[in-house]
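Structure record follows, encoded as structure tokens.
We use all heavy atoms of the structure for the numbers below, so side chains are in, but hydrogens, waters and symmetry mates are not. In the text below, chain A, chain B and the rest are named by the order of the sequence lines, each starting its count at 1.
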Amino acid sequence: MSSYTVVFFDLETTGLDTQVCDIIQISAVYGKRVFNAFTVPRCDITKEAARLTGFSVTGGALFLHGEPVSTVPLWQALLSFIDFLRSFCGPVYLAAHNAARFDAPVLKRALKEFTLLEQFQSLVPFFLDTFLLSKHLFPRFPSYSQRYMVERFLDKTYNAHDATEDAKMLQELFHKLKPSRRVVMNALV
DNA sequence: TGCCAGGCCCTCTTTAGGGCCTT
């Protein structure tokens, strides 16, 4: 396989049900480059998601911890995200923690809704699941949550449930772990 | 009122059940 670029991303959503939840925030990082977009979800935010993320919707506007947030329509956020991904030369592997089970299906469902999936997949042939990667690397760990891995390897806590911070931490963790190409290939989904 | 999903993985398994990881 030729060269590839690993871009780290994270979604904040209205809940955990990948078949019905809606995207609230998309963030991605590559080095110092950051992509971020907020969008007003079209379904209710579950009580637990609202508690964890601090997002709320009032009068059709998005708020984060009570402060108004600038948003764009979901289709526009997705198109901007595709433009960001297109700016890299060659294929992009989009990395997220538990990508296979959560971020990838949610993102792909949204892209499909706006008939953007094919365009997206021409840029992103695979997702990289750092949860699977962590399990492959360290078979006997008591936990593989992103928070645990960050605390263990980077010795720091961070603002989890902010998509940009989560993506930045994941990038830092990945570079600390320095997984071999073989391990990376085994964590593609 | 309801207190969410889901599929892999592990083991006190395989004639099953519970924990994990994401919001």
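Atom CG in A:Asp162 sits about 11 Å away from atom P in B:dT23, given to the nearest Å. Between A:Phe102 atom CZ and B:dC21 atom C1' there is a gap of 10 Å when expressed in whole angstrom units. Rounded to an integer number of Å, the gap from CZ of A:Arg109 to C1' of B:dG6 is 14 Å. Spacing between atom OH of A:Tyr144 and atom C1' of B:dT22 amounts to 17 Å, rounded to whole angstrom units. If you take CE of A:Met169 and P of B:dC21, they are 19 Å apart, rounded to a whole angstrom. In this structure, A:Glu48 places its CD atom 12 Å from P of B:dT23, rounding to the nearest Å. Across the protein-nucleic acid pair, A:Leu16 atom CG and B:dG6 atom C1' stand 10 Å apart, rounded to whole Å. The CZ atom of A:Phe127 sits 21 Å away from the P atom of B:dC21 (whole-angstrom rounding).
At B:dG6, none of the side-chain N or O atoms of A:Thr18 fall inside 4.0 Å of OP1 or OP2 (strictly under the cut-off).
Proximity of A:Phe35 to A:Ser80: side-chain heavy atoms (C-beta onward) are separated by under 4.5 Å at one or more points.
Relative ring orientation between A:Tyr4 and A:Tyr93 is described as parallel, the plane-to-plane angle staying below 30° on a 0-90° scale split at 30° and 60°.
For the pairing with A:Ser27, the side chain to side chain donor-acceptor pair (under 3.5 Å) check across A:Asp162, A:Thr164, A:Asp10 returns one residue only, A:Thr164.
No side-chain donor-acceptor contact under 3.5 Å links A:Arg42 and A:Thr14.
Judged purely by atom type and a 3.5 angstrom limit, A:His161 has no side-chain atom pairing as donor or acceptor with the backbone of A:Ala49.
Salt bridge absent: A:Glu113 and A:Lys108 never bring a charged side-chain N and a carboxylate O closer than 4.0 Å.
B:dG19 sits 15 Å from B:dT13 when the P atoms are compared, rounded to a whole Å. To the nearest whole angstrom, the two P atoms, one in B:dT1 and one in B:dC20, are 31 Å apart. Rounded to a whole angstrom, the distance from the C1' atom of B:dT14 to that of B:dC8 is 16 Å. On the C1' atoms, B:dG2 is 23 Å away from B:dG18, given to the nearest whole Å.
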Item to check | Contact pattern, 5' to 3', of nucleotides 7-14 of chain B - B, S or - by protein heavy atom under 4.0 Å | outcome: BSS-----

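Looking at heavy-atom distances under 4.0 Å, A:Thr14 makes no contact with the nucleic acid at all. As judged by a 4.0 angstrom heavy-atom cut-off over every strand, A:His161 is placed among the base-contacting residues. Counting any heavy atom pair closer than 4.0 Å across all strands shown, A:Ile45 reaches no nucleic acid atom. Looking at heavy-atom distances under 4.0 Å, A:Asp10 makes contact with sugar-phosphate atoms alone, never a base. If you check every strand for non-hydrogen atoms under 4.0 Å, A:Thr46 touches a base. Note on A:Asn98: a base of the nucleic acid sits closer than 4.0 angstrom, heavy atoms only.
Other residues, nucleotides and ligands place no more than 12 heavy atoms under 6.0 Å from the OH atom of A:Tyr30.
Listed by chain and number, the residues in a side chain to side chain donor-acceptor pair (under 3.5 Å) with A:Thr53 amount to none (sequence neighbours excluded).
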